[in-house]
Structure formats: structure tokens, C-alpha cells
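Within every chain, numbering begins at 1; the chains are lettered A, B, ... in the order of the sequence lines, protein sequences first and strands thereafter. This one's a predicted model, so the numbers in the text were calculated from it and none came from an experiment.
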Amino acid sequence: MDFSVVFNEAHLKFLWDGLLVTLEVAAAAIVLSFILGIILGTLRYTRLPVISHLATLYIEVIRNLPLLLIIFFGWFGLKEWGVELPITMSVILSMTVFTSALVAEIVRSGLNSVDRGQIEAARSQGFTYLQTLNYIIMPQALKRMIPPLVSQFVALIKDTALAVAITLPELTHNAQIIYNKYPVAAIPMLLFVALIYFVINYSLSLASRRLEKKLAG
Amino acid sequence: MILGPSGSGKSTLLRCINKLETISEGELVVDGFKVNDPKTNINLLRQEIGMVFQHFNLYPHKTVLENITLAPIKVRKMNPEEAKKIALEYLKKVGIPEKADAYPSQLSGGQQQRVAIARGLAMKPKIMLFDEPTSALDPEMIGEVLDVMRTLAKEGMTMVVVTHEMGFAREVADRIIFMDEGQIMETGTPEEFFNNPKEERTRQFLSRILKH
Ligand SMILES: Nc1ncnc2c1ncn2[C@@H]1O[C@H](COP(=O)(O)OP(=O)(O)OP(=O)(O)O)[C@@H](O)[C@H]1O
Ligand SMILES: [Mg+2]
């Protein structure tokens, strides 16, 4: 197998630019979907009339749609409606919309997993509902949410590659451009890119396992 | 002390006192507050009512000390130093001052329940509610928890206790309430209740219990 096309300096630079776009989109979408997901999941958990139903509606609609479709909406759809976002922003928006619905479900089941006795103990001491959520339920729930959250964020990083479909210049897209020009390099190029995704995502999983152990102590 | 067979509504009655249970009808007045009135600030009333549960319900993510100081600091807005001082006092009182920095999971059941009692006391409540505080404990740990409760009773703390410990009820109670099928069937002093029960249901209950 010939890796010379891969390890050409200009190509490496081009792949590096792609990786930066991948990381930028992923990092922004992770932060935003975490914040939005916590809010949506908590709202759904509270069973407040109307508000929790709206959260439920959003979550159920979004998590039953293909991500690719949402990416198309965020790009072609918005353009059709006259909203011109830079392509990176559009993908960040789409990935946030999609992932926040899944994060919300993780948050809700984390909150639900906290023993009812905890809530009763706190309420019996005179804590308000919000204080109970803040001091008693959320800290216990967050600890349990770490593993499913990390797998969700790993999925997000991998799925940034779907944005190839709207030509976001991310890692997979840039690799594709190179091997379209040098078809013999297709397999080495795909292997190299696969290795990059693997290293990033596997380190993230390891870090989360370590964090989990630390918090369990 | 509230006695009665399983499912007779003892916990339900106890939990009405601090409105952990919704009151569907009737009137309940605690310390001058109408518990059933939606206008009553229930969080204010709850600060005056400590509660100890069958399964302790300590906050597992907090140390023993934090378990005790959290509500005084956040609910009563006490200054943290003051709260800590009071917490250590009550930990000494329940006999485990050395466990202040441990987490609940590192304690035995009896120790956890004593922390739960200290947590209740640290709010300086006017009443303490106990729902079968020794039912989840191994037999050798029941004594240490009952001892703490005995001391509280001697010091004049107002307590409402649901229990299956007949000997303890007989010794410590000022008044026995006997419940069956969601109703209070009989009330009286321990003397009257155990030696001279008025109701047929009470006699049946006692003969079943005291046989063991
Ligand atoms: N006064 C009441 N009105 C309506 N429902 C009641 C009443 N008292 C009890 N119940 C119902 O009866 C059931 C059992 O009550 P509860 O849990 O209070 O019993 P208990 O005496 O504490 O039993 P255990 O000894 O097993 O803890 C509950 O589902 C409760 O809702
Ligand atoms: Mg009960």
C-alpha cells in the first residue's frame, strides 16, 4: 500500500485544515447541545404544564428524524427561507438541534434515576422544588449521565462527517477531495482518516472512564 | 407513638403532618399552621418539622457533615461556621463525631440512621417525625438508634413515631395511637393501651404481636 499521497506535505496541511473544521464544529455543537439539552431535559422532567409538553414535543420530533435531513434543513432549507448562515454555523446549528434532543433524554432519565426518597428527604427539610433539583437531584444525576453523554458526544464527532453531503470542508470531505484526484490513494487515505477519528474518540472514552472513577470515589 | 398493622395508614398519617402526602379532605393544624390550606407556606412549616425515614435517605453525594449543614445553610440561611458548629454538636449527641467527614455509604445502617436524626435535629425543629426508623436495621443496630430516641424523649422533644417496637413504645410513649384500615381506632396511655385495650381490633392486634 502506498501512503506517499497521504504524507505529502500539502495534503497533510489540507487534512489538518479539515480536522480543525471538524473539531471546531464538534466542540461548539457539544457545548451548545449540552446546555440546551440540560434545559430541555429538566423542563421535560419537571412536568410543568405546557412548558414540559413543548419540551417533549421538540425532543420527540427531533430524535425521530435522520440527522442528515436536519443538516439539509439547516443548509438548503434555511437558504430557501432567506437565512444565509456560513456553512460552519449551519452545521453547528443542525448538530446542536439534533444532539440536544438526545442529551435531553439522557438528562431526563438521569434525573428520574434519583431515588424518590432523596426528594422526600429534601422537601421534608423545607427545600423548595428548585433547591431540591439544584442541590440534591442534579448533582446525583450528573454523575450517572457521564457515560451516556460521552457516547452521545462521540457519536456527534463521528457524525460531523455527514456534512460532506453539503460540502462542509471538514476532515472526511478534504480527504475525499484528495483521493478523488489520486484514486490509488483512496484506501490509504481512508485508513489514515479512520485512525484520526479513532484516536480522538477513543481518548475521549478513556478520559470519561477516568472521570467516572474519580467521581465514584 | 403510632402503632398498627401493615397497610393501616400509619405512614400516610405521619406524612400528612408535613404534607409529603396530599390531603384530599379534612383539616389538619400543626403548630398553628393549617397544613391542608393551599395558602400556607409549607416550606416554612417544614423547617419546624424534622423527619426520619425508614431507609435513612441521606444525601449520598455529601459528607455526613454536609448532610447535616445543607438545610440549615440553604434553607435557614445560617452562616456556615455556625451550622458546622451545631452539626458537630449533634453528631456528638448521636455518638459518632468521628464520622463527620465520611460519606453515608461508608457507614453502617445504624450509624446512617443516627446521622439522619442529627440532620433532622440541626434544623432545631419543634417536632420530629419518625417512620419506622429501625425497620431497615440489623437487630444489633436497633438498640443504638432507640437509645438516641429515648434520650430525645427524655429531653422533652415532641416526637411522632411510627414503630413496630412494642417494648420501646410501651416504655417511651406518652400516648399510643392505634390505626387500622386508614382509621384511628384507639388512643390512650401505654398503660391503658397494653393492659386494658378498649377495642376488639386492638386486642386482636396485641395478641398477634405479643405472641412472638
Ligand atoms: N386515611 C386514608 N385515606 C386514604 N387512603 C389511605 C388512608 N390511610 C391509608 N391509605 C392508603 O393505604 C395504603 C397503605 O398506607 P400506609 O403506607 O400509610 O400504611 P402503613 O401503616 O404505613 O403500612 P406499613 O406498616 O407497611 O408501612 C396507602 O396506599 C395509602 O394511600
Ligand atoms: Mg409505613
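With a 4.5 Å cut-off on non-hydrogen atoms, B:Phe53 touches chain A through its side chain but not through its backbone. Interface residue B:Ile49: only backbone heavy atoms are found under 4.5 Å from chain A. Of the two parts of B:Leu70, the backbone and the side chain both hold a non-hydrogen atom closer than 4.5 Å to a non-hydrogen atom of chain A. In this structure, chain B has heavy atoms under 4.5 Å from both the backbone and the side chain of A:Gln125.
Minimum heavy-atom separation, B:Ala116 to B:Val52: O-CG2, 4.1 Å. Closest of all the heavy-atom pairs between B:Asn18 and B:Arg46 is O-NE, 2.9 Å.
Remark: A:Thr132 OG1 to A:Gln118 CD distance equals 10.5 Å, nearest 0.5 Å.
Note: B:His61 leads B:His61, B:Arg119, B:Met123 in heavy-atom pairs under 4.5 Å with chain A. Taking chain A as the reference chain and counting heavy-atom pairs below 4.5 Å, the highest number among B:Lys62, B:Lys74, B:Gln54, B:His55 is found for B:Lys74.
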Legend entry - A:Tyr58/A:Ser100 under side-chain hydrogen bond (donor to acceptor under 3.5 Å, both in side chains): CA gap, chis, key distance, verdict: CA-CA 10 Å; A:Tyr58 173 88; A:Ser100 62; 3.2 Å; yes
Inset, instruction - Decide yes or no on ring-ring contact (aromatic ring centres under 6.0 Å, His included) for A:Phe192 and A:Phe7, but give the supporting numbers first. - result: CA-CA 10 Å; A:Phe192 182 63; A:Phe7 294 119; 5.5 Å; yes
